[in-house]
**Student:** 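Following this message is one structure expressed as structure tokens.
These numbers come from a predicted model, not from an experiment. Start at 1 and go down the list; that is how both ligands and their atoms are numbered.
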Amino acid sequence: MMVDGLLGRVIRNAARRNLAFEPVGNATGLPRPAPTRRYMLYLHVPFCPSLCPFCSFHRVGFHRNQAARYFRALTDEVALAADAGFHFEEAYIGGGTPTVLPEALAELIALLRQRYGVARVSAETNPNDLVPDVLDRLADAGIDRLSVGVQSLDDALLLQMQRREKYGDSATIRARLKAAAGRVDTLNVDMMFNFPAQTERMLDRDLELLTDDIGAAQVSWYPLMSSNPTRRAMAESIGRVSYARERAMYRRIAGHMLSRGYSRSSAWCFSKTPAMIDEYITQSDDYLGLGSGSFSLLDGTLYGSTFSIADYLQRVAGGRSGILRSRTLSERERMQYHLLVRLFAGALSLESADRSFGRPFTRTLLPEIAALRAIGAVRKVDGTLRLTESGQYLWVLLMREFFSIVNEFRERMRHESAEAIR
Ligand code: SF4
């Protein structure tokens with residue numbers, strides 16, 4: 001649709017502008033925390049046993065010794081941030097595959113919980129690591145949520161995306177998910193939709209397996225994202241991506257999930273009960289990201305860490321954080337970002353936005369809000385903007401565009417750091 005295309009372009013351009021970084025000036029690279037604030041912490045673990053063709057995350061092939069050194073550096077970087085005055089509320093450990101070294105991950109989680117008083121911890125994993133030994137270690141360390149990258153439960157699609165041999169067939173993955181449920185507070189299943197070869201029947205079967213057979217506590221349904229860096233590899237493995245069926249597929253997903261009693265935690269995440277979600281950016285405007293390739297947003301400034309693993313290890317060994325670049329957003333850009341991420345979670349209180357920005361948010365973003373109301377994407381109820389059902393899909397599209405640009409940026413940084421990614 002024309003409006004979708006136009007808004008997608010607006011988001012792409014805004015995201016590109018926001019990622020035009022400058023080098024940071026201070027010695028450790030760490031921003032200064034507000035003394036009484038408890039922050040969201042993101043920790044990036046970039047190692048994967050093998051690399052999927054559609055993936056644009058910052059990930060590198062797994063080497064045990066390098067990964068062990070990396071976990072030690074990550075622990076040191078957390079200590080550096082704590083010494084600088086950061087206190088943390090929740091921690092998200094993403095990747096890559098953070099469970100590549102389960103013992104090291106368990107130690108890190110235990111440290112976050114015990115030494116740094118982190119209240120909740122979530123980590124990402126893959127189906128191979130949903131085994132008793134790993135689950136026991138993580139549960140003992142105090143993990144609250146595990147997010148499992150499954151992508152599809154259709155054997156033909158798993159084969160096409162080169163995951164069936166690596167992570168098992170659909171029956172194996174389903175058995176593992178069922179066995180893992182109840183070992184952590186929330187088990188999230190990451191799925192993808194809009195694969196070129198995915199039929200409506202395949203999608204319906206995935207939906208039924210997730211809700212009626214596995215009984216997943218939470219499912220995040222990501223639209224397939226094609227960005228410049230992955231376009232060719234994706235076309236060769238899973239086919240050329242088209243967005244023509246995306247809206248209809250999303251409606252099918254939302255209709256099914258809501259009919260089974262799930263509610264939306266974000267436009268693409270459905271939960272049985274309120275729980276942590278992967279999109280921690282919707283919960284707080286400020287967060288600190290540590291580890292190679294992570295981003296932070298603090299007090300209106302975006303920060304980026306080195307994408308080179310060697311550089312990261314060297315920086316932390318020298319008493320510095322991995323953060324080496326930043327960009328301060330204008331007030332209007334901060335407001336636009338706030339609008340984007342809060343509506344991604346479904347609602348934005350105009351009153352509290354007016355309060356937190358110190359001057360009327362509503363007046364400054366009048367053109368954006370009026371346009372969203374005019375196309376029926378949001379409605380205002382008691383001083384709160386809420387996404388309508390058609391607005392939910394629009395937000396899936398906008399976030400897909402937003403992450404595509406972040407992925408392009410990651411790829412550029414990886415090339416600049418001359419890191420071997422295979
Ligand atoms: S999809 Fe997951 S497992 Fe595959 S390369 Fe990306 S981070 Fe690694």
Side-chain angles (χ1 to χ4, degrees), residues 42-64 66-67 70-71 74 92-102 105 122-131 134 145-154 157-170 172-173 176-177 180 187-195 198 206 219-234 236-238 241 268 278-280 289 291-295 305 307 309 400 403-404 406-411 413-415 419-422:
Y42 174 75
L43 299 174
H44 194 76
V45 179
F47 304 98
C48 287
S50 59
L51 306 178
C52 306
F54 56 85
C55 177
S56 302
F57 296 139
H58 174 42
R59 81 279 197 263
V60 297
F62 172 59
H63 299 285
R64 182 169 292 278
Q66 189 188 37
Y70 185 90
F71 267 101
L74 201 51
Y92 288 79
I93 308 173
T97 307
T99 46
V100 282
L101 284 182
L105 177 64
S122 170
E124 294 171 5
T125 187
N126 68 40
N128 283 355
D129 293 334
L130 293 183
V131 291
V134 176
R145 178 178 178 272
L146 259 182
S147 180
V148 191
V150 169
Q151 321 311 353
S152 172
L153 290 167
D154 182 275
L157 289 181
L158 289 172
L159 186 66
Q160 204 183 45
M161 63 179 115
Q162 299 162 25
R163 288 182 67 97
R164 200 164 76 176
E165 268 181 31
K166 296 175 203 164
Y167 300 114
D169 61 8
S170 174
T172 308
I173 295 171
R176 290 197 163 171
L177 288 170
L187 188 69
N188 170 73
V189 184
D190 274 354
M191 297 290 286
M192 288 180 113
F193 70 97
N194 196 29
F195 289 103
Q198 190 175 34
D206 274 7
V219 187
S220 300
W221 279 99
Y222 295 94
L224 192 63
M225 296 181 200
S226 165
S227 51
N228 292 336
T230 53
R231 194 158 288 130
R232 220 175 64 215
M234 281 171 82
E236 282 165 8
S237 55
I238 57 175
V241 181
W268 61 44
D278 281 331
E279 283 71 33
Y280 56 89
S292 170
S294 61
F295 293 101
S305 295
F307 278 73
I309 310 293
R400 180 214 333 127
F403 284 120
S404 292
V406 174
N407 290 342
E408 282 179 24
F409 174 80
R410 286 188 182 119
E411 191 62 19
M413 290 301 111
R414 274 208 300 263
H415 276 294
E419 193 76 42
I421 59 170
R422 279 178 194 276

**Student:** What are the atoms of ligand 1, with element, lying closer than 4.0 Å to any heavy atom of Arg59?
**Tutor:**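 So the answer, numbered in order with elements, is 5 (S).
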**Student:** Which residue supplies the protein heavy atom nearest to atom 6 (Fe) of ligand 1, what is that atom called, and how far is it?
**Tutor:**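 Protein heavy atom with the smallest distance to atom 6 (Fe) of ligand 1: Cys55 SG, 2.3 Å.
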**Student:** Got a sec: does the CZ of Phe403 have more than 12 other heavy atoms crowding it under 6.0 Å?
**Tutor:**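 Atom CZ in Phe403 is crowded, with more than 12 foreign heavy atoms closer than 6.0 Å.
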**Student:** Are Ile309 and Ser292 close enough that some pair of their side-chain heavy atoms sits under 4.5 Å apart?
**Tutor:**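 Yes. Closest side-chain heavy atoms under 4.5 Å.
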**Student:** So, applying ring-ring contact (aromatic ring centres under 6.0 Å, His included) with His58, which one of Phe47, Phe295, Phe307 is it?
**Tutor:**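 It is Phe307; the other options fail the test.
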**Student:** Out of curiosity, is Tyr167 lining ligand 1, as in a heavy atom under 4.0 Å away?
**Tutor:**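 A heavy atom of Tyr167 does come that close to ligand 1.
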**Student:** Answer side chain, backbone, both or neither: which part of Phe47 comes under 4.0 Å from ligand 1, heavy atoms only.
**Tutor:**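 Neither; no heavy atom under 4.0 Å.
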**Student:** Does Gly149 reach ligand 1, in the sense of a heavy atom lying below 4.0 Å from it?
**Tutor:**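 Under 4.0 Å: no for Gly149.
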**Student:** Suppose I only count heavy atoms of Cys48 and a 4.0 Å limit; which atoms of ligand 1 are within that range?
**Tutor:**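 Per the distance check, 3 (S), 5 (S), 7 (S), 8 (Fe).
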**Student:** Atom 2 (Fe) of ligand 1: protein heavy atom closer than 4.0 Å?
**Tutor:**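 It does not; no protein heavy atom is within 4.0 Å.
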**Student:** Apply side-chain contact (heavy atoms from CB on, under 4.5 Å) to residues Val148 and Val189 and explain how you reach the verdict.
**Tutor:** CA-CA 5 Å; Val148 191; Val189 184; 5.5 Å; no
**Student:** Just verifying a value: how many Å separate Gln198 CD and Asp154 CG, rounded to the nearest 0.5 Å?
**Tutor:**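 Spacing of CD (Gln198) from CG (Asp154) equals 7.5 Å.
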**Student:** Any idea which protein heavy atom is nearest atom 5 (S) of ligand 1, and the distance to it?
**Tutor:**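 Nearest protein contact, heavy atoms only, for atom 5 (S) of ligand 1 is Cys52 N, 3.2 Å.
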**Student:** At what distance, to the nearest 0.5 angstrom, does OG of Ser294 lie from OH of Tyr92?
**Tutor:**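 If I round to the nearest 0.5 Å, the distance is 16.0 Å.
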